[in-house]
Number of protein chains: 2
Amino acid sequence: MGLTKTEEFTAEQNAIASIAKAIGHPARVAILEYLISSKTCITGNIVDQLPLSQSTVSQHLKELKSVGLIKGSIEGTSVCYCINEEVWEKSSNRLNQLFNHFQIENNCC
Amino acid sequence: MGLTKTEEFTAEQNAIASIAKAIGHPARVAILEYLISSKTCITGNIVDQLPLSQSTVSQHLKELKSVGLIKGSIEGTSVCYCINEEVWEKSSNRLNQLFNHFQIENNCC
DNA sequence: TTTCTTTATCGTAATATTGCAATAAATAAA
DNA sequence: TTTATTTATTGCAATATTACGATAAAGAAA
């Protein structure tokens, strides 16, 4: 075991979960906040900002990229990562839909 | 290792991450959706809705409860779980703050 | 070419998560 | 009291995640 039963849930449920999971680590939250607030996006700068080793940061970047929240473009020897606008907005909408669906009047207890 | 360096990040970053982490599993998304849409909230009904064993569902409920997204009240032999309004709204705001902070104009690439 | 800089990947270790069956605990019903 | 019913907990196995050092890969600079 230790294996999520993905097939048993809807595509939408899995999509929401995978976005949330990607955001579910403080280092990745910090990376996203950094990319949002800074004009530059060179990996080296991100590594300098975080209390983690270069290889660990690279791994976190890979995870954020794999769910599409960020995208990277090669610039010479370095790589520039930034927010992937389309996925960012879609993710925001998906989470909002979950959160906004709740109505206090309908809460059962 | 395998241990997140929590102390190295801000309280806000950790808070956002732990909420997201709790939502980061399709079964927990399904539980939340069920609690939002249904008028009843008895654990047994939740178990019936999910393709997982009773003990596994109980564990997922525990996780959602531990971050405060849901709360449970005992009703005889059964337990009634529902959305915790205050935490729900605060969590929504926290995630919105992250998502809304991004401005396309400022994206670096 | 050689060396430096930058990022990705590999290997490894430790911890966490997912899932289930079995069982405990606690109230309700017979 | 005895038996159901309902949920939580324990114990276990399998997989995933986190983190780091070492190293590879690839372009830039000397």
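So that the names make sense, note that chain A is the first sequence line, chain B the second, and so on, each numbered from 1.
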Worksheet, complete the sentence: From CD1 of A:I70 across to C1' of C:dT7 the rounded distance in Å is 13 Å

Practice prompt. Output yes when at least one side-chain N/O atom of B:Y81 is less than 4.0 Å from OP1 or OP2 of D:dT6, else no.
Written response: no

Worksheet entry | Gap between atoms CD and P, on B:Q54 and C:dA25 respectively (whole Å) | 15 Å

Practice prompt. Please work out if A:I42 contacts a base, only the sugar-phosphate, or nothing of the nucleic acid, heavy-atom cut-off 4.0 Å.
Written response: sugar-phosphate

Discussion item. Distance criterion of 3.5 Å, no angle test: do you see the side chain of A:S55 paired donor-to-acceptor with the base of D:dG21?
Written reply: yes

Discussion item. Is there a side-chain contact between B:T56 and the phosphate of C:dC20, meaning an N or O under 4.0 Å from OP1 or OP2?
Written reply: yes

Item to complete: For a side-chain contact (heavy atoms from CB on, under 4.5 Å) with A:I70, tell me which candidate from A:N84, A:L32, A:V87 qualifies.
Response: A:L32

Fill in: Nucleotide of C:dA8, D:dT18, C:dT18 approaching A:S58 most closely (side-chain heavy atoms)
C:dA8

Worksheet item: Starting at NZ of B:K21 and ending at P of D:dT18, how long is that distance when rounded to a whole Å?
Response: 7 Å

Discussion item. Counting the atoms with a prime plus P, OP1 and OP2 as sugar-phosphate, which does A:E63 contact under 4.0 Å by heavy atoms, base, sugar-phosphate, or nothing?
Written reply: sugar-phosphate

Item to complete: May I ask you to verify if any side-chain N or O of B:T77 is less than 4.0 angstrom from the OP1 or OP2 atom of D:dT5?
Response: no

Item to complete: Using whole Å, report how far CD of A:Q59 lies from P of D:dC20.
Response: 10 Å

Discussion item. Tell me the interatomic distance from B:H25, atom NE2, to C:dT17, atom C1', rounded to whole angstroms.
Written reply: 8 Å

Worksheet item: What's the shortest heavy-atom distance between B:L98 and A:W88, and which atoms?
Response: O-CZ2, 3.7 Å

Worksheet, complete the sentence: On DNA chain D, more 5' by nearest nucleotide between A:G76 and A:P51 is A:P51

Worksheet item: Starting at NZ of B:K71 and ending at C1' of D:dT7, how long is that distance when rounded to a whole Å?
Response: 20 Å

Fill in: Nucleotide of D:dT9, D:dT6, C:dG19 approaching A:T4 most closely (side-chain heavy atoms)
C:dG19

Fill in: A:K5 NZ to C:dT18 C1', straight-line distance once rounded to whole Å
10 Å

Discussion item. Please pick, from D:dT18, D:dC20, C:dT18, the nucleotide with the shortest atom-to-atom distance to any side-chain atom of B:R28.
Written reply: C:dT18

Worksheet item: For the side chain of B:S18 and the backbone of B:A15, is there at least one donor-acceptor N/O pair under 3.5 Å apart?
Response: yes

Item to complete: Under 4.0 Å between any heavy atoms, over every strand shown, what does B:L52 touch: base, sugar-phosphate, or nothing? Just pick one.
Response: sugar-phosphate

Fill in: Whole-Å distance separating the NE2 atom of B:H60 from the C1' atom of C:dC20
12 Å

Discussion item. Can you confirm whether B:K90 is buried at NZ, in the sense that more than 12 heavy atoms of other residues, nucleotides or ligands lie under 6.0 Å from that atom?
Written reply: no

Worksheet item: Counting only heavy atoms not in B:Q97, do more than 12 sit closer than 6.0 Å to its CD atom?
Response: no

